[in-house]
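Below, each value reflects all heavy atoms present in this structure, side chains not excepted, and no hydrogens, waters or symmetry copies.
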2 protein chains.
Amino acid sequence: MIIDKNSPIPQYFQLQTWLLEQIEQGVFKPGDRIPTEAEFSKITGLARATIHQAIQNLVNMGLLVRKRRLGTFVLEKVAAPSNHKIVGLLIPDIRRGYAPVLARGVQDEAAKNNHSVILCDTDDLFVRADFHADRMIENSVSGVIFVPTAVSNMQNKKILDKFKQNDIPIVLVDRTLTYENIDQVTADNIKGAYEMTEYLIKRGHRRIAITLSTLISTERDRLEGYKKALDVYDIPFDEKLIFAHSGPFSEGRYIKIAERIYKSDLDITAVFTGHDRIALVFFAVAKKIGISIPDDISIIGYDDLDFTMISLTTMHQPIYEMGQESMKLIMSRIKGDLSEPQRIILESYLVERVSVKQI
Amino acid sequence: MIIDKNSPIPQYFQLQTWLLEQIEQGVFKPGDRIPTEAEFSKITGLARATIHQAIQNLVNMGLLVRKRRLGTFVLEKVAAPSNHKIVGLLIPDIRRGYAPVLARGVQDEAAKNNHSVILCDTDDLFVRADFHADRMIENSVSGVIFVPTAVSNMQNKKILDKFKQNDIPIVLVDRTLTYENIDQVTADNIKGAYEMTEYLIKRGHRRIAITLSTLISTERDRLEGYKKALDVYDIPFDEKLIFAHSGPFSEGRYIKIAERIYKSDLDITAVFTGHDRIALVFFAVAKKIGISIPDDISIIGYDDLDFTMISLTTMHQPIYEMGQESMKLIMSRIKGDLSEPQRIILESYLVERVSVKQI
DNA sequence: CTTCACTAATTGTCTATACAAATGTACAAT
DNA sequence: ATTGTACATTTGTATAGACAATTAGTGAAG
């Protein structure tokens, strides 16, 4: 029997629990009519008022609906989990580089899925990422799109774990984390850098400087593509041409690097800058100290930001599309896609302008 | 008497409603013990079970707690309203102009108050603003910061009304709406434009073109400041020097306007562009057709965006601060400040670079 | 001083019963 | 084909009364 009259557990509660189980186990499916109170009364031997109370509780919980004359019915699962449709976006700084474009791609795709986007800047600092992560969890976001901060892998992992503990899907965008089996959307930086370097080589450049931050996966990848191209074209690799540091982007640092490169005696004919904002610094410094691009030195960038006033040969990154794709991925996870973590790699293409000289 | 036995309204519901009123009006204060079920039964003449049902409903609603042997008590107001701390930001396009800086100012101030920001782009279209407004309301934001769209006042008012109907505080930023008694944060565009125009006049310019979109309040204000300066310095106002249109910013349109101005025979010596992005177009067009700034024509902008490669004399707008101030205002409204709508006007200052020639 | 059993007050659960209200169905009237 | 009406079924509300469970307070026992 369903009801144990000797149990200290209230009988209405026993019935309620039993009914809940039946519904959860699918014995009573959404849309089904459950037995009438009178029938239950007969089955269980309880008074109708007791049955009524049990059922009423489930109605209050939103699992059943009563319809006069018709009976009581199991409700469709309303997909109650998190009725506010919000996805978090963690980026370094909305004012810098490609961030606005990425944010826009994310948002447009979110809007298509009737979701809103909470935007948070990390400034490439762990504490900020951590702070914002807490608030996102507090606000029960349905998913998170995360541009890993330029800090240690371990610290980034801490952030990821926070979300994982709360069963919030995450997608990494642009930058990746080593040894992390997680959804990712990136551009093919190795291939892109290879093509860029090849482009320079084919125009006669052999002494190509490259700048990067070793904390940022994309820039490490670009160094790899750069080396690969040198290797393929039998150009000796020179450690002195690598201008690397381990920190986030800072204008001051690159002004110094640009000055060093312009004044060096390393026979550098071209600079593969880490990204367009660095290239812009190189243009500004060149202008200041009277060096002409591309006549005196060739500069290439990476990103294809919308500069208007300088004509930079660069690699167009599908930033907007990366935003879109990452949101698509999050949406499929939110909807319950449980397949293996995906790694989506988007194609970049070279945009030839006039910052490179044929030697 | 409390209960009307002849009413079609269920008696338990009558009692429940009455109790709710008593609590809301403070007759039963938080912490108070309300009469026992038996007492209520005596007072109302209803069966104890009926009393029980009425009280149970209020317990379920979280207004009362029952304690065996002790009685039923009114709960402390848990101040449940909106436990997720989210503020909406409605801007035209996060990728354009000052939007990223504004967004950052808003966010930093929000973070200080442990709030998150939902970012939504309107593209200066009513339908988008409306769409995002609905979703913000759905997500029960605690407040909204709104850059009015470049559409009719009536349409913007519709958006405002939506939020007002849901008791969501709103602050208008940068652009204003005529005849709206509402919290606003703006820069003093009339004064700014006056100073800019005065600056040009003092450098010998008398034929000063000005560009604007009449849909945008800030640009209308700047026209006013411009006229005022001409008036003060006794320079005749020439309708032909006003290049106005009624639409949002479009690069194509301003390329045409720039070409028209550069090729005109109106003796224009300086152009007061509507904002820095327009100024940038003027620089690009000048470069393309071989005109030198400031030698052939002087250009001034408005905003002080971070351009690096062009040296534009412009009016620095406190965009970041406007973001901060608007969030401060929203926070005070969220916290229950019911004073009169405020209009916060921030100061701009002229940034002299080298895009203006002394005549 | 601590522990324990008892008391009284109050809510919690339950029975049995009754009438009210809503509404799909069927059938009649128009 | 539409409208009206009566009917049957089912949930909604209500009553009276009973016993169970909980627990602060009291006073007795250790």
Distance check needed: [N] [atom2] versus [X] [atom1], whole Å only.
| X | N | atom1 | atom2 | result |
| --- | --- | --- | --- | --- |
| B/Leu15 | D/dT13 | CG | P | 14 Å |
| B/Arg66 | D/dA21 | CZ | C1' | 14 Å |
| B/Glu37 | D/dA16 | CD | P | 15 Å |

*Are any side-chain N or O atoms of B/Thr122 and backbone N or O atoms of B/Ala129, one a donor and one an acceptor, separated by less than 3.5 Å?*
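Judged by distance alone, no pair lies under 3.5 Å.
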*asked:* Could you check whether any side-chain heavy atom of A/Ile118 comes within less than 4.5 Å of a side-chain heavy atom of B/Ile118, counting everything from C-beta outward?
replied: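 Heavy-atom side-chain distance check passes, below 4.5 Å.
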Going by side chain to side chain donor-acceptor pair (under 3.5 Å), name the residues that satisfy it together with [X], two or more places apart in sequence or in a different chain.
| X | answer |
| --- | --- |
| B/Gln155 | none |
| B/Lys328 | B/Glu325 |
| A/Lys29 | none |
| B/Gln16 | B/Asn57 |

*From B/Tyr12 OH over to B/Thr50 OG1, what is the distance, rounded to the nearest 0.5 angstrom?*
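The distance works out to 10.5 Å.
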*Of all of residues 47-56 of chain A, which get a heavy atom below 4.0 angstrom from DNA chain C, listed by number?*
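Contacts with DNA chain C under 4.0 Å: A/Ala47, A/Arg48, A/Ala49, A/Thr50.
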*What are the 5'-most and 3'-most nucleotides of DNA chain C lying under 4.0 Å from any heavy atom of chain A?*
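Counting from the 5' end, contacts occupy C/dT13 to C/dG24.
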*Quick one: list whatever passes side chain to side chain contact (heavy atoms under 4.5 Å, CB included) with A/Val59, sequence neighbours left out.*
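In terms of side chain to side chain contact (heavy atoms under 4.5 Å, CB included), with neighbours along the sequence ignored, A/Val59 is linked to A/Ile55, A/Gln56, A/Leu64, A/Arg66.
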*Looking at every strand, decide which applies to A/Phe13 at a 4.0 Å heavy-atom threshold: base, sugar-phosphate, or nothing.*
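No contact.
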Please tabulate the protein-to-nucleotide N/O contacts below 3.5 Å involving nucleotides 6-9 of chain D, giving atom names and distances.
none

*To the nearest 10 degrees, how far apart in direction are the end axes of the helix from C/dC1-D/dG30 to C/dT30-D/dA1, each fit to five base pairs?*
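The angle separating the two end axes equals 20°.
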_If you count every heavy atom of other residues, nucleotides or ligands that lies below 6.0 Å from B/Phe73 atom CZ, does the total exceed 12?_
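Yes - once you tally the heavy atoms of other residues, nucleotides and ligands closer than 6.0 Å, there are more than 12.
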*Taking everything shown except B/Lys162 itself, do over 12 heavy atoms lie less than 6.0 Å from its NZ?*
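Yes, because the 6.0 Å sphere around NZ of B/Lys162 holds more than 12 heavy atoms from other groups.
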*Does any pair with a residue in residues 45-61 of chain A pass salt bridge (Lys or Arg N to Asp or Glu O under 4.0 Å), and if so which ones, sequence neighbours excluded?*
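Listed by first then second residue: A/Glu37-A/Arg48.
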*Sort and list the pairs that fulfil salt bridge (Lys or Arg N to Asp or Glu O under 4.0 Å) and have at least one residue in residues 103-114 of chain A, not counting sequence neighbours.*
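Listed once each, the pairs are A/Arg104-A/Asp108, A/Arg104-B/Asp93, A/Arg104-B/Asp121, A/Arg104-B/Asp123, A/Glu109-A/Lys112.
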*In chain order, what residues pass the salt bridge (Lys or Arg N to Asp or Glu O under 4.0 Å) check against B/Lys164, with sequence neighbours excluded?*
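Once residues adjacent in sequence are excluded, the partners of B/Lys164 under the salt bridge (Lys or Arg N to Asp or Glu O under 4.0 Å) criterion are B/Glu180.
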*Has A/Thr72 got a side-chain N or O lying under 4.0 Å from the OP1 or OP2 atom of D/dT10?*
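Looking at the OP1 and OP2 atoms of D/dT10, neither is under 4.0 Å from any side-chain N or O of A/Thr72.
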